[in-house]
Amino acid sequence: MTAITGLTACLFGNLLLTLAPVPPEPAPDPMARGYMGITVQSGALAIESVQPGMPAAKAGLQGGDVLVRVGTLEPREFDQVVSHICSFRPGAVVEIEVQRGGERKTFKVKLACRPPELDLPTRQPRPIDVDD
């Protein structure tokens, strides 16, 4: 029995020594802009969806929450929220107050890096002049 135990310890001992370490999470880009990971209903401050694994989801924000305060800003439209969050760097912690049902709740959200594809200019289709 001790031979099997010794063999098992030897096998598992070697296995544990050969596992690669998990690299630490990379430091956020110091020139990047902050991002929470939410979408809102058009023309409103009600959260439509929260992206899984993003800062808003990690903090506990949910679809249906209505944004009341973002840091010191009391927004009237979502564009104000985007501009305000983008003024922070990734890693900053911003206090978010929401109306959920009949009560107000406050969350601390540690911002991530804003995805670059969100900053692409929106192209409007132009009519093509055709010579007849």
Side-chain angles (χ1 to χ4, degrees):
M1 187 68 149
T2 48
I4 294 175
T5 306
L7 180 62
T8 304
C10 181
L11 288 174
F12 283 119
N14 288 337
L15 178 63
L16 292 175
L17 293 176
T18 59
L19 295 176
V22 176
E25 188 173 314
D29 177 359
M31 298 307 291
R33 298 187 297 162
Y35 182 69
M36 287 196 302
I38 62 171
T39 58
V40 297
Q41 298 168 356
S42 180
L45 290 171
I47 297 174
E48 187 172 59
S49 65
V50 179
Q51 295 176 351
M54 295 309 293
K58 291 177 182 177
L61 293 170
Q62 300 175 356
D65 289 347
V66 178
L67 297 168
V68 175
R69 184 175 53 81
V70 178
T72 58
L73 174 71
E74 293 181 1
R76 292 184 303 282
E77 55 188 43
F78 188 63
D79 287 342
Q80 293 175 316
V81 174
V82 172
S83 294
H84 193 62
I85 290 297
C86 285
S87 72
F88 292 96
R89 298 288 179 231
V93 177
V94 179
E95 195 171 87
I96 308 291
E97 185 177 350
V98 299
Q99 182 79 30
R100 182 181 290 170
E103 63 181 304
R104 288 195 177 193
K105 293 187 173 237
T106 303
F107 300 90
K108 292 192 183 290
V109 179
K110 184 177 180 182
L111 302 178
C113 291
R114 182 175 171 83
E117 60 270 12
L118 293 179
D119 294 326
L120 294 176
T122 57
R123 293 183 179 235
Q124 298 294 328
R126 295 184 333 199
I128 299 173
D129 293 333
V130 178
D131 293 334
D132 286 336

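One-based numbering along the sequence shown.
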A.B. asks: Closest approach of A57 and Q51, non-hydrogen atoms and distance?
C.D. replies: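 Nearest pair, atom of A57 first, then Q51: CB-O, 3.4 Å.
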A.B. asks: Which pair of heavy atoms, one from Q80 and one from L73, lies closest together, and at what distance?
C.D. replies: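 Closest pair (atom of Q80, atom of L73, distance): O-CD2, 3.5 Å.
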A.B. asks: So, do V93 and F88 sit near enough that their side-chain heavy atoms are less than 4.5 Å apart?
C.D. replies: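 No; the side chains remain at least 4.5 Å from each other.
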A.B. asks: Just jot down the side-chain contact (heavy atoms from CB on, under 4.5 Å) partners of S83, sequence neighbours excluded, or say none.
C.D. replies: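 Result, side-chain contact (heavy atoms from CB on, under 4.5 Å) vs S83: none returned.
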A.B. asks: Is any side-chain heavy atom of V40 closer than 4.5 Å to a side-chain heavy atom of L45?
C.D. replies: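 A side-chain contact is absent here, since even the closest heavy-atom pair is not under 4.5 Å.
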A.B. asks: Is there a path of hydrophobic side-chain contacts, each under 4.5 Å between heavy atoms of I, L, V, M, F, W or Y residues, that connects V66 with V82?
C.D. replies: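 Shared cluster, yes.
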A.B. asks: If hydrophobic clusters are built from ILVMFWY residues whose side chains come within less than 4.5 Å, do V94 and V98 share one?
C.D. replies: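 Both belong to a single hydrophobic cluster.
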A.B. asks: With heavy-atom distances below 4.5 Å as the criterion, would you say the side chains of R100 and Q62 are in contact?
C.D. replies: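 The answer is yes, as the side chains (C-beta and beyond) meet within the 4.5 Å cut-off.
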A.B. asks: Do I96 and Y35 share a hydrophobic cluster, counting only Ile, Leu, Val, Met, Phe, Trp and Tyr and linking them when any side-chain heavy atoms are less than 4.5 Å apart?
C.D. replies: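 No.
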A.B. asks: Please examine the side chains of H84 and P75, heavy atoms only from C-beta on, and report whether any two atoms are closer than 4.5 Å.
C.D. replies: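 SC-SC contact between P75 and H84 ruled out.
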A.B. asks: For the hydrophobic clusters of this structure (ILVMFWY residues joined by side-chain heavy atoms under 4.5 Å, transitively), does one cluster hold both M54 and V70?
C.D. replies: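 The answer is no; the residues belong to distinct hydrophobic clusters.
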A.B. asks: Report, one line per pair, each donor and acceptor closer than 3.5 Å where one atom sits in a side chain of residues 101-113; sequence neighbours left out.
C.D. replies:
from, atom 1, to, atom 2, distance (Å)
R104, NE, Q99, OE1, 3.3
R104, NH1, E97, OE2, 3.4
K108, NZ, E95, OE2, 3.1

